[in-house]
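So that the names make sense, note that chain A is the first sequence line, chain B the second, and so on, each numbered from 1.
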2 protein chains.
Amino acid sequence: METRTPTKPDYETMARQLKVLSDPRRLEILDVLIGGVQCNCEIGDHLDMAPNLISHHISVLRKAGLVRAERDAVDARWIYYSINEESLAAISETFGQFFSPGRIKPRRPDCGPKAVTLTSGHHRQSSARCQ
Amino acid sequence: METRTPTKPDYETMARQLKVLSDPRRLEILDVLIGGVQCNCEIGDHLDMAPNLISHHISVLRKAGLVRAERDAVDARWIYYSINEESLAAISETFGQFFSPGRIKPRRPDCGPKAVTLTSGHHRQSSARCQ
DNA sequence: GAAATAGTTCAATGAGCATTGAAATAATTC
DNA sequence: GAATTATTTCAATGCTCATTGAACTATTTC
C-alpha cells in the first residue's frame with residue numbers, strides 16, 4: 001500500500017529545479033521578466049547588478065528552460081529575454097500539487113510504541129517496533 | 001508605474017525558503033511526512049539514510065517551520081514528526097502566486113532600439129536607449 | 001546501575017556555487 | 001577598420017552546505 005504520491009516523484013529533478021529558483025537575484029530577474037520587461041538594458045536598470053552577473057543568472061535560468069532569449073532583428077547587439085510560459089506553468093503545477101496542504105494524510109495510528117501500549121496495557125513487550 | 005508584483009516580494013526570504021526545499025533528501029522526508037508517516041523508525045525504514053543525516057535534514061525543516069516534533073507520551077525515546085499544515089499552506093500560496101503563469105505580462109513595445117526604428121525609419125539615432 | 005535503544009550534536013571533508021574583475025566575443029557606428 | 005556598445009566567458013576567491021563517522025545525551029529495560 002502506497003502512502004505517498006501515486007507515482008513516486010523524482011526528487012532529484014525537483015530539487016534541481018528548486019535550486020535554480022532558490023536565489024534572490026534569480027527571483028528578482030524572473031519577477032522583472034514576468035512583469036513584461038524584456039529589454040536587457042532595462043533589466044540592468046531595474047536590478048542594480050553587474051552585467052556579467054545578470055548574464056550568469058540568466059544563463060542558469062535558460063539552462064533550466066525557464067527563460068528564452070531572442071536577438072533584436074534590427075540591432076543584434078540587443079537581446080530580449082522572456083519567460084517560457086509552458087515551463088513556468090509546469091513548475092507551478094508540479095509544486096502546487098506536491099506542496100498542496102490537502103495532500104497531508106492523518107497520522108497513522110498503528111505506528112510506534114503508543115499503539116502497542118493502547119492495546120496491551122501499560123507495559124509493552126520489549127521488542128516493540130512500529131508496524 | 002509598477003510593472004512587477006503589487007508589493008515587491010522579499011526575494012531574500014523566498015530564496016531562503018526555496019533553498020530549504022531544494023534538496024532531494026528533504027523533499028523525500030517531506031513526502032513521507034505528508035503521506036502520514038510520523039513514527040521516526042518508519043521514516044528511517046522508508047528513507048535509507050543514516051539516522052544522523054535524517055536528523056540533520058529534519059532540523060533544517062524544523063527551523064524553517066515546516067515540520068514539528070513531539071515526543072511519545074509513553075516512551076519518550078520516540079519522536080513523532082509532522083507537517084506544519086499552516087506553514088505548508090503559506091508556502092503553497094506564496095509560490096503559487098509568484099510563479100502563476102497568469103501573472104506574465106506582454107512584452108512592452110516601447111523598449112529597445114526596435115521601437116525607435118519603427119517610428120523613425122530604418123536608421124535610429126546613435127544614442128538610442130530604451131524608454 | 002549496566003546495557004540497550006532513539007536521536008542529536010560535533011568536527012572534518014569536499015563539492016557546488018555566487019560573486020568579482022578582467023578578458024573575450026559579437027555587432028554596430030563612424 | 002578603429003572605436004563603441006552589448007553581452008558572455010574565464011579564472012580566482014570565498015562561503016555555504018550535504019555528507020560521514022564518532023562521540024554524546026536522553027530514556028527505558030533488565
Item to check | Ion pair check, B:Asp23 and B:Arg25, cut-off under 4.0 Å | outcome: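 Looking at B:Asp23 and B:Arg25, the cut-off is not met.
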OP1 or OP2 of [N] sitting under 4.0 Å from any side-chain N/O of [X]?
X: B:Tyr81; N: C:dT8; result: yes
X: B:His56; N: D:dA18; result: yes
X: A:Arg25; N: C:dT19; result: yes

In whole Å, I'd like the distance from the [atom1] atom of [X] to the [atom2] atom of [N].
X: B:Ile58; N: C:dT8; atom1: CD1; atom2: P; result: 7 Å
X: B:Lys63; N: D:dA18; atom1: NZ; atom2: P; result: 11 Å
X: B:Tyr11; N: C:dA18; atom1: OH; atom2: C1'; result: 19 Å
X: A:Met49; N: C:dA18; atom1: CE; atom2: C1'; result: 12 Å
X: A:Ile54; N: D:dT8; atom1: CD1; atom2: P; result: 10 Å
X: A:Trp78; N: D:dT8; atom1: CH2; atom2: C1'; result: 17 Å

Next on the checklist: Judged by each residue's nearest nucleotide on DNA chain C, which is more toward the 5′ side, B:Asn52 or A:Ala50?
Outcome noted: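 That would be B:Asn52.
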Using distance only, find each side-chain donor-acceptor pair of residues 81-89 of chain B under 3.5 Å and give its atom names and separation, not counting sequence neighbours.
from	atom 1	to	atom 2	distance (Å)
B:Asn84	OD1	B:Glu86	N	3.3
B:Asn84	OD1	B:Ser87	N	3.4
B:Asn84	ND2	B:Gly65	O	3.2
B:Ser87	OG	B:Gly65	O	3.2

Checklist entry - Could you give all pairs that pass the side-chain hydrogen bond (donor to acceptor under 3.5 Å, both in side chains) test and reach residues 55-67 of chain B, with sequence neighbours left out? => result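 Applying side-chain hydrogen bond (donor to acceptor under 3.5 Å, both in side chains) to every pair that reaches into residues 55-67 of chain B, excluding sequence neighbours, yields B:Arg26-B:His57.
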Checklist entry - So which heavy atom on B:Pro24 is nearest to which on A:Glu12, and how close? => result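 Heavy-atom minimum between the residues: CG-OE1, 3.9 Å.
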Looking at [options], which one has an atom nearest to any side-chain atom of [X]?
X: B:Arg77; options: C:dA27, D:dT29, C:dT9; value: D:dT29
X: A:Ile79; options: C:dA27, D:dT28, D:dT8; value: D:dT8
X: A:Leu53; options: D:dT5, C:dT19, D:dA22; value: C:dT19
X: B:Ala76; options: C:dT28, C:dT8, D:dT28; value: D:dT28

Item to check | Charged tip of B:Arg71 within 45° of B:Tyr80 ring normal and under 6.0 Å | outcome: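 No, B:Arg71 and B:Tyr80 do not form such a contact.
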Item to check | Flag, side chain of B:Ser22 to backbone of B:Lys19, donor-acceptor distance under 3.5 Å | outcome: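 Looks like yes, one N/O pair under 3.5 Å.
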Checklist entry - Counting distance only, does the side-chain N/O of B:Arg103 pair as donor-acceptor with the main-chain N or O of B:Phe98 below 3.5 Å? => result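 Flag set: sc B:Arg103 to bb B:Phe98 pair under 3.5 Å.
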Next on the checklist: Under 4.0 Å, counting only non-hydrogen atoms across every strand here, what does A:His57 touch: a base, just sugar-phosphate, or nothing?
Outcome noted: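 Since only primed, P, OP1 and OP2 atoms lie under 4.0 Å of A:His57, the category is sugar-phosphate.
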Checklist entry - What nucleic acid atoms does A:Arg26 come within less than 4.0 Å of, heavy atoms only: base, sugar-phosphate, or nothing? => result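 Result for A:Arg26 = sugar-phosphate.
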Checklist entry - Looking at residues 13-23 of chain A, who's got a heavy atom less than 4.0 Å off DNA chain D? => result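 Heavy-atom contacts with DNA chain D come from no residue of residues 13-23 of chain A; none.
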